[in-house]
Colleague: 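Have a look at this one.
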Amino acid sequence: YVIENTFAKLSLLKPTTGDITKEIQAVLMADDIAQTNMDFAAEECNPKAMQEVEQHISLKVERNEALYLRDLVSHFTRRPYGWLDDELLLIAARLGLAGKISFTLQSMPLALNRAYEPFTNSRKRGEIRIQKIRQHDERQLKKAAGLVKGLFSKTFTGTGEKELTELIQQELKKWQDELKSFSIKSQTGHFPSKEKIQSGLVLLAGILDQRNSFEIIQRLVADADALEDFSEDFEDLDEFYNSQFKTWQSLAEALNNQFKANRPALEKQDEALKALKELERIYAMAEPYGQLRHIKPLIETVQKSNDQLVNEKRIHSLERVELRITRITTALTECAAPSDLKNKALLPLQKCKQRIESTQSIPQIISDQTDAETYEEDADQLINAFIDAEQTKLENEQRRKEAEAKKSQNTTESKVDEPDPVAPKLKRTVTINPAEIITASGNSFIETEEQVEQYLDQLRKKLLMAVQAGDKVRLK
């Protein structure tokens, strides 16, 4: 009777069976799965005693009074409770596992799985501060769960705030990881919605960086409108960067590289010009997502015109280069040029031909066709040098034979042999540029009959000089 009156609330706590220190350790070391499976309302968990302790903690917090584990144990070991120290340690551990309270040691957060040694050390209990974890009411949790379903199409099937927080963190982290991936891709060139990616990352960080489940849910609900607006943007970003990224790259390639060199020629084609302008319009849009389906057919339209223009220019240029190769080949054959000279004379022209066959650039084709004229002139110079050298050899040989014949005639009276027939002289190829005659005269234009006669007279002299020297003339 005396005990019951002195410790009126002693009966609220049922003594733990077995080794209570092992039970304390097991609760503190429990993982998330064990927490989910633990029924804190079960009789062996002393739910009435847990409620009594939780109410005391809440009262202290409301009064802004610091509460340490040692103070908690001291309070409940006295009247009207009379509970044992270890039982109170076990209740504190269970409240921590249930997400009702948290602990700090020397102002640093104390995780449950590191709390066993300080818990069981009577001196350190005075340094373990207990803090109440704020929790939302049922109405707020339902609101947050509704947001989760609307944003992520995920139905929350759990019961507690911690489980809901984990689902929120899991889904927001997926968005965050995707946005970081989008951000990296967007830095590689001109891509839309860079600002929306960054604002989305800021929005998500504002929620994920909160310290606990209460603040995460609170911030989620507060940012509900912004999240709902961003969810629509995220769908566009997800579709673009995960499904249409290569399509956009093909657009950038078409405008900045593929058709850039041939743009002047393509702009003269009505259909190609119209397609190019439409591609540029899409490329400049801040949010081109609804236009992406048009990119491929527009590129194909430009490609068709481009292929036709390039093919026409290539055929013409190859004909011109092939004509030069034929002329040089004929000249090499006529002078019986050795293989190394043939290779040296023809190689630049052959490489020029290969470049024209492989390039898709009209300016490059035109440039190579122009260069082919220089390569032909260089080849002529090589052939002319060879002809000059051969002619010198023939003349030297002829003089040697004439000298021998004259010597033989002076020393013998025998019949003199007929001299060997002289081989016909090989013709060199010279290039005359009529425009240079005008430039040399100091005039840029021909404006009078007198200038015409002067020009023709000078051209005639150059032509006759070359022909009289036994050369072939090619007008440039």
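Atoms considered below: every heavy atom in the structure, side chains included; atoms not considered: hydrogens, waters and symmetry mates.
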Colleague: Does atom CD of E271 have more than 12 heavy-atom neighbours, drawn from other residues, nucleotides or ligands, at distances under 6.0 Å?
Modeller: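 Result for CD/E271: open.
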Colleague: How long is the gap from CD on E163 to OG1 on T157, to the nearest 0.5 Å?
Modeller: 7.5 Å
Colleague: Which residue pairs pass the salt bridge (Lys or Arg N to Asp or Glu O under 4.0 Å) test with at least one member in residues 295-323, sequence neighbours excluded?
Modeller: E322-K353
Colleague: Checking S243 side chain against F240 main chain: does a donor-acceptor pair fall under 3.5 Å?
Modeller: no
Colleague: Closest approach of Q176 and L201, non-hydrogen atoms and distance?
Modeller: O-CD2, 3.9 Å
Colleague: As a quick check of understanding, evaluate side chain to side chain contact (heavy atoms under 4.5 Å, CB included) for L147 and L220, giving each step before the final call.
Modeller: CA-CA 8 Å; L147 277 171; L220 178 83; 4.2 Å; yes
Colleague: Assess whether atom CZ of R281 is packed by more than 12 heavy atoms of other residues, nucleotides or ligands within 6.0 Å.
Modeller: yes
Colleague: Restricting to non-hydrogen atoms, name the atom on T104 and the atom on Q131 that form the minimum distance, rounded to 0.1 Å.
Modeller: CG2-OE1, 3.6 Å
Colleague: Taking W248 for its side chain and H190 for its backbone only, find out whether a donor-acceptor pair lies under 3.5 Å.
Modeller: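 Here the side-chain-to-backbone pair exists.
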Colleague: Could you tell me whether the side chain of S367 and the main chain of Q364 form a donor-acceptor pair under 3.5 Å?
Modeller: no
Colleague: Assign the ring pair F119 / F103 to parallel, tilted or perpendicular, where the plane angle (0 to 90°) is split at 30° and 60°.
Modeller: perpendicular
Colleague: Side chains of S213 and E161: is there a donor and an acceptor less than 3.5 Å apart?
Modeller: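 Side chains of S213 and E161: pair found under 3.5 Å.
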Colleague: For I130 and I101, which heavy atoms make the closest approach, and how far apart are they?
Modeller: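 So the minimum-distance heavy-atom pair works out to CG2-CD1, 4.0 Å.
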Colleague: R474: what forms a salt bridge (Lys or Arg N to Asp or Glu O under 4.0 Å) with it, not counting sequence neighbours?
Modeller: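 Per chain and number, R474 pairs via salt bridge (Lys or Arg N to Asp or Glu O under 4.0 Å) with E376, D380.
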Colleague: Say whether E127 and Q106, considering side chains only, have a donor N or O and an acceptor N or O under 3.5 Å apart.
Modeller: yes
Colleague: Taking atom CG as the centre, does D209 end up with more than 12 heavy-atom neighbours from other residues, nucleotides or ligands that are less than 6.0 angstrom away?
Modeller: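 Counting other residues, nucleotides and ligands, CG of D209 exceeds 12 neighbours.
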Colleague: Tell me, do I133 and K100 make a side-chain contact under 4.5 Å, heavy atoms counted?
Modeller: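 They are not in side-chain contact.
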Colleague: Taking C-beta and beyond as the side chain, do I216 and L172 meet within less than 4.5 Å on heavy atoms?
Modeller: no
Colleague: For residues L341 and L382, report the shortest heavy-atom separation together with the two atoms involved.
Modeller: CD1-CB, 3.9 Å
Colleague: Mind listing the closest non-hydrogen atom pair of L164 and L141 along with its distance?
Modeller: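 Where L164 meets L141 most closely, the heavy atoms are CD2-O, 3.7 Å.
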Colleague: Taking C-beta and beyond as the side chain, do T247 and R293 meet within less than 4.5 Å on heavy atoms?
Modeller: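 No - every pair of side-chain heavy atoms lies 4.5 Å or more apart.
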Colleague: For residues 455-466, dump all side-chain donor-acceptor pairs below 3.5 Å to protein atoms at least two apart in sequence or in another chain.
Modeller:
none

Colleague: If we only count heavy atoms from C-beta on, is the I299 to F259 side-chain gap below 4.5 Å?
Modeller: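 Side chain of I299 against side chain of F259, heavy atoms only: contact under 4.5 Å found.
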Colleague: Please check if the side chain of T329 supplies one atom and the backbone of I325 the other of a donor-acceptor pair under 3.5 Å.
Modeller: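 Present.
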Colleague: Mind checking whether V310 and I362 have side chains closer than 4.5 Å, heavy atoms only?
Modeller: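 When only atoms from C-beta onward are counted, I362 and V310 do touch, with a gap below 4.5 Å.
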Colleague: When you look at CZ of R139, are more than 12 heavy atoms from neighbouring residues, nucleotides or ligands closer to it than 6.0 Å?
Modeller: no
Colleague: Take atom NZ of K194 as the centre, draw a 6.0 Å sphere, and report whether it contains more than 12 heavy atoms from other residues, nucleotides or ligands.
Modeller: yes
Colleague: Determine, for R400 against E404, whether the closest basic-nitrogen to carboxylate-oxygen distance falls under 4.0 angstrom.
Modeller: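 The answer is yes: the pair qualifies as a salt bridge.
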Colleague: Does a side-chain N-to-carboxylate-O contact under 4.0 Å join K173 and D177?
Modeller: yes
Colleague: Suppose we screen for salt bridge (Lys or Arg N to Asp or Glu O under 4.0 Å). Which residues come up paired with K246, at least two apart in sequence or across chains?
Modeller: none
Colleague: Do the side chain of Q451 and the main chain of T448 share a donor and acceptor less than 3.5 angstrom apart?
Modeller: yes
Colleague: How about K143: does its NZ atom have over 12 heavy atoms from other parts shown lying under 6.0 Å from it?
Modeller: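 No, because the 6.0 Å sphere around NZ of K143 holds 12 heavy atoms or fewer from other groups.
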Colleague: Mind checking side chain to side chain donor-acceptor pair (under 3.5 Å) for S183 and listing every partner two or more places apart, or none if nothing turns up?
Modeller: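 For S183 the side chain to side chain donor-acceptor pair (under 3.5 Å) partners, ignoring immediate neighbours, are Q198.
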Colleague: Measure from NZ or CZ of K185 to the centre of the six-membered ring of F191 and say whether it is under 6.0 Å with the direction within 45° of the ring axis.
Modeller: no
Colleague: Can you find a heavy atom in the side chain of T188 that is under 4.5 Å from one in the side chain of F245?
Modeller: yes
Colleague: Any idea which heavy atoms bring F40 and R94 closest together, and the distance?
Modeller: CE2-O, 3.6 Å
Colleague: Could you tell me whether E390 and K393 make a salt bridge, using a distance below 4.0 angstrom between a side-chain N and a carboxylate O?
Modeller: yes
Colleague: Check the pair R263 / E267 against salt bridge (Lys or Arg N to Asp or Glu O under 4.0 Å), numbers first and verdict last.
Modeller: CA-CA 6 Å; R263 183 67 182 257; E267 287 180 346; 2.9 Å; yes
Colleague: Mind checking whether Y283 and N256 have side chains closer than 4.5 Å, heavy atoms only?
Modeller: yes
Colleague: Looking at E178 and K174, is any side-chain nitrogen of the basic one under 4.0 Å from a carboxylate oxygen of the acidic one?
Modeller: no
Colleague: Taking only residues two or more places apart in sequence, or in another chain, which ones meet D229 in a side chain to side chain contact (heavy atoms under 4.5 Å, CB included)?
Modeller: none
